[in-house]
Each structure stands twice: as structure tokens, then as C-alpha cells.
Amino acid sequence: MGQGRNKYEMVIADRTGAPADIDAVVAMISLLWHGQRDRHEGGPTTAPVTQEAAETAVHTAAVLVHWISTGSIRKK
């Protein structure tokens with residue numbers, strides 16, 4: 001989505017009234033990708049994850065799944 005972000009839009013409007021871009025979506029995906037250091041145990045960037053960080057990751061992922069599955073993020 002990051003490379004093709006101009007192909008997608010949100011159903012919610014931005015401040016101009018146009019469909020919002022997906023920059024927030026791409027940022028959330030990146031946050032999960034880079035922030036969850038326990039994904040690959042024993043890797044060079046592995047680090048323990050706190051309970052708070054794990055809960056935040058679950059809720060972030062749930063929002064993304066909801067947005068994608070309900071069509072809140074759509075192709076232009």
C-alpha cells in the first residue's frame with residue numbers, strides 16, 4: 001500500500017471534503033511492522049515487548065482489519 005498509496009482512499013473526508021488519503025493507514029502498518037520486535041525471535045532486532053505495547057499492537061491491527069474488511073479503505 002505504501003508504494004501504491006495514490007491508488008487508494010478512505011471513505012472519510014479530509015479537511016477539504018475530498019476522500020482522505022491513506023497516509024494514516026500506511027503509518028499504522030509501518031508502526032506494527034517495525035514496533036513489534038518479538039515477531040522473529042532470535043533476530044538481530046528482537047526485543048521484549050511490554051503488555052502495553054502488545055495491547056496497542058492488537059488494537060491497531062484490529063482497526064486496520066476492520067477498515068479493510070468493511071471498505072473504509074477503497075481503491076479509487
Side-chain angles (χ1 to χ4, degrees):
M1 288 185 114
Q3 294 175 351
R5 70 178 67 204
N6 61 334
K7 297 178 184 177
Y8 297 91
E9 64 188 11
M10 300 281 301
V11 295
I12 194 167
D14 65 14
R15 67 178 110 177
T16 70
D21 59 39
I22 63 162
D23 289 346
V25 175
V26 172
M28 290 169 72
I29 292 169
S30 179
L31 180 67
L32 287 174
W33 184 258
H34 297 289
Q36 286 302 107
R37 299 295 183 173
D38 65 333
R39 275 194 328 269
H40 304 289
E41 188 175 344
T45 61
T46 298
V49 176
T50 65
Q51 181 70 31
E52 295 86 2
E55 290 174 7
T56 300
V58 167
H59 290 285
T60 302
V63 167
L64 288 167
V65 168
H66 175 75
W67 284 352
I68 292 167
S69 66
T70 61
S72 296
I73 302 165
R74 62 186 180 201
K75 283 194 170 190
K76 291 183 178 180

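Computed from heavy atoms alone, side chains included, the values below leave out hydrogens, waters and symmetry copies.
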Report all side-chain donor-acceptor pairs from residues 18-27 shorter than 3.5 Å, counting only partners two or more places apart or in another chain.
{"residue": "Asp21", "atom": "OD1", "partner": "Asp23", "partner atom": "N", "Å": "3.1"}
{"residue": "Asp23", "atom": "OD1", "partner": "Arg5", "partner atom": "NH1", "Å": "2.7"}

- Task: Spell out, yes or no, whether Val63 and Ile68 are grouped together once hydrophobic residues are joined by side-chain heavy atoms under 4.5 Å, including indirect joins.
- Result: yes

- Query: In Å and rounded to the nearest 0.5 Å, what is the CH2 to CD1 distance from Trp67 to Ile73?
  - Reply: 6.5 Å

- Query: Can you pull the salt bridge (charged side-chain N to carboxylate O under 4.0 Å, His left out) pairs that have at least one residue in residues 48-61, sequence neighbours excluded?
  - Reply: none

- Message: Does Leu31 form a side-chain contact (heavy atoms from CB on, under 4.5 Å) with Thr56? I'd like the steps, not just the answer.
- Response: CA-CA 10 Å; Leu31 180 67; Thr56 300; 5.6 Å; no

- Are Met28 and Ile12 connected, step by step, through hydrophobic side chains (Ile, Leu, Val, Met, Phe, Trp, Tyr) whose heavy atoms are closer than 4.5 Å? yes

- Message: Closer than 3.5 angstrom, by distance alone: can the side chain of Lys76 be matched with the main-chain N or O of Asn6 as a donor-acceptor pair?
- Response: yes

- Mind checking what makes side-chain contact (heavy atoms from CB on, under 4.5 Å) contact with Val11, not counting sequence neighbours? Ser72, Arg74

- Item | Shortest non-hydrogen contact from Ala53 toward Val49 | CB-CG1, 3.7 Å

- Query: Partners of Asp14 by salt bridge (Lys or Arg N to Asp or Glu O under 4.0 Å), sequence neighbours excluded?
  - Reply: none

